[in-house]
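Have a look at the structure below before the remarks.
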Amino acid sequence: MTTDLATQPTGQPAYTPSELMIVSASRALQGRRVVFVGVGLPNIACNLARRSHSPDMELVYESGVFGAQPARLPLSIGDPTLVSRATSVTSMVDLFMLYLQGGRVDVALLGGAQIDRFGNLNSTVIGDYTKPKVRLPGSGGAAEIAINAGAVLIITRLSRRTFVEKLDFLTSPGFLDGGERRAALAMPGGGPQQVITDRALFDFSGPEREMTLIELASGETVEAVQADVAWPLRVSPDLRPMTPPDPHELAIIREELDPKGLYR
Amino acid sequence: MTAQSKLLTMEAAVRRFVSDGISLAIEGFTAFICFAAAHEIMRQRRRQLTLIRMTPDLVYDQMVAAGTADRLVFSYLGNPGVGSLHAIRRAVEKDIPGPLAIEEYSHFGMVGRYVAGASRLPFFPLRSYAGTDMVDANPAIRFVDSPYGDGPIAVVPPLNPDVAFIHAQRADRQGNTQLWGLLGMQKEAAFASRHVIAVVEEIVDEDVIRRDPNRTLIPGLIVDAVVHEPFGAHPSYVQGYYDRDNAFYLDWDRRSRSPEDTGAWLQEWVYDVPDRAAYLARLGPDRLAALDPGALWSDPVNYGAYGA
């Protein structure tokens with residue numbers, strides 16, 4: 001008989017899939033100094049990292065903030081709480097030219113409506129660009145972040161709608177068509193390092209730079225994950241379970257960062 | 001002789017500088033978004049504008065819903081922290097209320113376009129766009145070979161809006177304008193534009209400006225008019241003056257989902273209020289007081305008198 005780590009004796013889950021995703025992202029940031037923060041879940045993950053294992057982490061926001069220490073959970077990446085008590089607030093010219101393109105960002109967190117096997121992301125349209133079925137936000141800073149940041153962590157829920165064979169639009173480059181393609185285009189950044197989802201963890205460590213399943217959440221199987229991924233999935237020979245959130249991390253999320261439960 | 005005051009009402013500034021068919025930049029990254037200017041332009045029923053803004057936000061969602069625009073230049077379409085911009089999506093996906101041409105860049109691309117426009121450069125090179133479909137979607141994004149043998153580099157063209165409305169904390173009557181907080185592209189958009197209207201929370205004496213010159217991002221030299229419009233950026237925020245009114249963003253998200261509810265919203269908050277003062281009266285003093293951010297003062301710095 002196996003014990004389901006995600007379930008307490010009452011039958012209530014001890015944590016939600018979103019909390020697992022937030023905590024996994026926070027842990028993946030350990031040891032990084034300068035982190036480029038995105039909206040939504042990444043925002044919570046980065047603030048969790050700073051309030052738990054990495055108090056010296058510098059949070060960078062594309063709005064022009066370096067070294068944010070937000071006193072409340074920011075409503076957006078342009079929230080005034082990011083300005084008050086930050087290390088530096090610059091123009092967006094300086095932020096993109098000196099900080100990002102200048103190579104000062106160690107890791108960035110990105111998401112997207114679609115992702116393919118090489119970690120390329122679509123946040124622009126579903127359907128045809130000129131007559132879209134769904135018009136999405138577009139790049140914002142994502143394209144240049146994907147190209148210039150030292151590494152990229154991709155945060156997204158695992159679903160068949162998201163993990164597609166072919167993107168409707170390539171907004172932010174991952175490893176493009178794989179192998180050494182990024183280097184051939186002289187991209188300064190290292191590209192995607194992990195894909196962190198609510199049900200599984202992936203990396204791109206092989207020479208083909210193709211997404212590989214490396215960890216499974218409690219209760220998940222390779223077959224169940226494969227069923228929501230459009231291409232035949234590579235599976236690591238060292239497949240491990242995802243480490244569940246610990247009580248301290250959950251307390252920070254629930255009591256400090258997201259007391260209203262907006263991201264649960 | 002003292003210089004002429006550039007103070008105008010918003011009604012007069014819009015009447016003088018905004019005509020049908022021009023290109024318009026109302027910038028401000030989440031902060032300093034000049035809704036007061038947008039609503040006055042809508043009230044004066046301007047048409048066929050090219051709207052330029054990195055993050056169109058509610059302000060251009062409303063202007064598109066009102067039928068003021070036929071073209072949008074941007075880099076991120078979203079209701080920040082809330083979700084979609086329903087009116088712009090209706091225009092792009094279904095041509096409601098009419099077709100909307102789009103010209104799309106990334107943030108860095110828009111940043112570079114303003115810098116090139118402001119500094120009269122033919123293009124701006126940046127490390128972006130390689131391998132993306134944005135290059136196919138927008139023929140203005142191109143690649144050139146570095147003359148120094150470093151391979152291809154992406155370039156974007158200069159951007160020079162006809163008119164920019166720049167919201168800020170304070171200015172003097174000549175338009176020397178100071179702002180702090182998220183600077184966004186306020187300075188570069190002002191320098192890139194043919195006409196600049198500074199819209200401020202406070203009018204201050206020239207001496208206030210001169211005692212803190214590092215904070216003057218925009219000199220009166222390039223400012224055509226100054227509009228005194230307290231809370232003119234509501235429901236966005238002005239650092240140190242008021243917080244974002246998030247309930248307003250959530251309300252727009254709900255009510256902008258159908259053309260009928262959107263029309264009712266515009267009637268209530270734009271067409272039925274003659275000016276910003278009436279809009280603020282409709283909001284009520286309690287709601288505005290709730291947006292007070294409290295105080296966190298910086299320490300004064302000594303510039304030195306040097307013979308003064």
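What you see is a predicted model; the values in this text were computed from it and never measured. To find a chain, count down the sequence lines: A is the first, B the second, and so on, and within it residues start at 1. Heavy-atom basis, side chains included; hydrogens, waters and symmetry copies ignored.
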Mind running side-chain contact (heavy atoms from CB on, under 4.5 Å) on B:I102 and A:Y129 for me, showing each step along the way?
-> CA-CA 11 Å; B:I102 60 170; A:Y129 181 78; 3.7 Å; yes
Pair count under 4.5 Å, heavy atoms only, with chain B: among A:G78, A:S84, A:P137, highest is A:P137
Checking A:L176 against chain B: side chain, backbone, both or neither under 4.5 Å from a heavy atom?
-> side chain
Part of B:M110 within contact of chain A (heavy atom distance under 4.5 Å) | neither
Which portion of B:F74 sits near chain A, non-hydrogen atoms under 4.5 angstrom | side chain
Side-chain heavy atoms of A:D79 within contact of B:R244, under 4.5 Å = no
Chain B contacts, top residue of A:I145, A:V125, A:V89 (heavy-atom pairs, under 4.5 Å) | A:V89
Among B:G240, B:G81, B:S128, which has the most heavy-atom pairs under 4.5 Å with chain A?
-> B:S128
Nearest heavy-atom approach of A:R135 to B:E93 is N-OE2, 2.7 Å
A:F96 and B:F108 aromatic ring geometry - parallel, tilted or perpendicular at 30°/60° bounds = parallel
How far does CG of A:L167 sit from CG of B:D133, to the nearest 0.5 angstrom?
-> 8.0 Å
When rounded to the nearest 0.5 angstrom, what is the spacing between OG1 in B:T132 and CG in A:N122?
-> 11.5 Å
Are A:M92 and B:M54 side-chain neighbours, meaning at least one heavy-atom pair lies under 4.5 Å?
-> yes
Non-hydrogen atoms of chain B under 4.5 Å away: do they reach the side chain of A:P74, the backbone, both or neither?
-> neither
Taking C-beta and beyond as the side chain, do A:P80 and B:D243 meet within less than 4.5 Å on heavy atoms?
-> yes
With a 4.5 angstrom heavy-atom cut-off, could you sort out which part of B:L182 is near chain A: side chain, backbone, both or neither?
-> both
With side chains defined as the heavy atoms from C-beta onward, is the minimum distance between A:S91 and B:M185 less than 4.5 Å?
-> no
Taking every heavy-atom pair that is under 4.5 Å apart, which of A:Q101, A:E62, A:E144, A:M97 has the most such pairs with chain B?
-> A:E144
Considering only heavy atoms from C-beta outward, does the side chain of B:H107 approach that of A:S139 to under 4.5 Å?
-> no
Which bit of B:S106 comes within less than 4.5 Å of chain A, counting heavy atoms only: side chain, backbone, both or neither?
-> both
Any side-chain heavy-atom pair of B:D136 and A:F169 under 4.5 Å | no
Residue part contacting chain A, namely of B:V92, when any heavy atom lies under 4.5 Å = both
Count the heavy atoms belonging to other residues, nucleotides or ligands that lie under 6.0 Å from CZ of A:R160, then report whether that count exceeds 12.
-> yes
Bottom line for B:Y242: the part with an atom under 4.5 Å from chain A's heavy atoms is neither
Counting only heavy atoms closer than 4.5 Å, note whether A:V134 contacts chain B via side chain, backbone, both or neither.
-> both
Under 4.5 Å, counting heavy-atom pairs only, tell me which of A:G140, A:A146, A:S76, A:A143 racks up the most with chain B.
-> A:G140
A:L100 and B:R127: side-chain contact (heavy atoms from CB on, under 4.5 Å), yes or no, with the steps?
-> CA-CA 10 Å; A:L100 179 64; B:R127 294 194 186 279; over 6 Å; no
Mark yes when over 12 heavy atoms from residues, nucleotides or ligands other than A:E180 sit less than 6.0 Å from its CD; otherwise mark no.
-> no
Counting heavy-atom pairs under 4.5 angstrom with chain B, the leader among A:T171, A:V93, A:L170 is A:L170
Heavy-atom pair count under 4.5 Å with chain B, highest-scoring of A:G141, A:G138, A:P173 | A:G141
Would you mind checking which part of A:L262 comes under 4.5 Å of any heavy atom in chain B, side chain (CB onward), backbone (N, CA, C, O), both or neither?
-> neither
Take atom CZ in A:R85; do more than 12 heavy atoms of anything else shown fall under 6.0 Å from it?
-> no
Contacting moiety of B:D95, where chain A heavy atoms sit under 4.5 Å | side chain
